[in-house]
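To find a chain, count down the sequence lines: A is the first, B the second, and so on, and within it residues start at 1.
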Amino acid sequence: MKTKRKTLMFTSILFMAAIWAFIFIEKGTNLFKGYDLIIFILIVVLGVIALLSAVKKDKDEKEGIPIEDELSDQIKYKAGYYAFFISMYMWLFIFLFKEKFPDLETLLGGGILVSAAIFYFSKLVVKNQFNAK
Amino acid sequence: MQNRIKELRARDNLTQLDVAKLVDVRRETIVFLEKGKYNPSLRLAYDISKIFKLKIEEVFIFESNT
């Protein structure tokens, strides 16, 4: 299980590095302009969050602490519920202002990235405000 | 619902991490439980009570609103 996780982490980092190398070669300095810059920042932020959480999970596993339990499941479900509704409104706004986006790829890619960011944010909010009734 | 986890943990010289490992949950869950921010499942409540060799109702105090 530990080896599987480490292999998965290593493959993810390699995959992300390969994608970025390809984008840099394709776009060059144009990458740091307009929507591309926002998407670049979002990918980096989400990648760093994913990496940090993977490292923490790996550390916990080494110490014999379970990675998930009933509370983390509840937080995940609640955050997922909020993220779903917020994302629906976000997609509505994206389609209302679709002419502001340069192309369909930016619109869809950006929307998917923002949806992921909304889920992480919802998870943080739910975690901090979790209160049993 | 209130609980006596913190008090019983001190009695038995156990850390939050020790309790977490014994009942197979994350330390964060024990922190939330002690703060009264999370109501455990019946299974978790039973497991925690078993650690302290007490009945569930001796560890978790249910306060009815009615």
Requested in this report: Please report the closest heavy-atom contact between B:Asp24 and A:Asp69, naming both atoms and the distance.
Outcome: O-CB, 4.5 Å
**Report entry** Shortest non-hydrogen contact from B:Arg26 toward A:Ser72
**Finding:** NH2-CB, 3.2 Å
Query raised in the report: In terms of hydrophobic clusters joined by side-chain contacts under 4.5 Å, are B:Met1 and B:Leu8 together?
Result: yes
Query raised in the report: Any donor and acceptor pair, going by atom type alone, linking the side chain of A:Glu70 with main-chain N or O of B:Leu44 inside 3.5 Å?
Result: no
Query raised in the report: Does one hydrophobic cluster hold both B:Phe60 and B:Val31, with members joined at side-chain heavy-atom distances below 4.5 Å?
Result: no
Query raised in the report: Who wins among B:Arg43, B:Arg27, B:Lys35, B:Lys21 for the most heavy-atom pairs under 4.5 Å with chain A?
Result: B:Lys21
Query raised in the report: Is the shortest distance from a Lys or Arg side-chain nitrogen in A:Lys127 or B:Glu28 to a carboxylate oxygen in the other one below 4.0 Å?
Result: yes
Query raised in the report: Would you call A:Ile65 and B:Leu17 a side-chain contact if the rule is heavy atoms closer than 4.5 Å?
Result: yes
Requested in this report: Supply the atom-to-atom distance A:Ile75 CD1 to B:Phe32 CZ, rounded to the nearest 0.5 angstrom.
Outcome: 5.5 Å
Query raised in the report: What about B:Ile61 and B:Ile30, same hydrophobic cluster or not, with Ile/Leu/Val/Met/Phe/Trp/Tyr joined at side-chain heavy-atom distances under 4.5 Å?
Result: no
Query raised in the report: In terms of hydrophobic clusters joined by side-chain contacts under 4.5 Å, are A:Val45 and A:Ile86 together?
Result: yes
**Report entry** Flag if over 12 foreign heavy atoms under 6.0 Å of CZ, A:Phe101
**Finding:** yes
Requested in this report: Check the hydrophobic clustering (I, L, V, M, F, W, Y; side-chain heavy atoms under 4.5 Å; chains of links allowed) and say if A:Phe119 and A:Tyr82 are grouped together.
Outcome: no
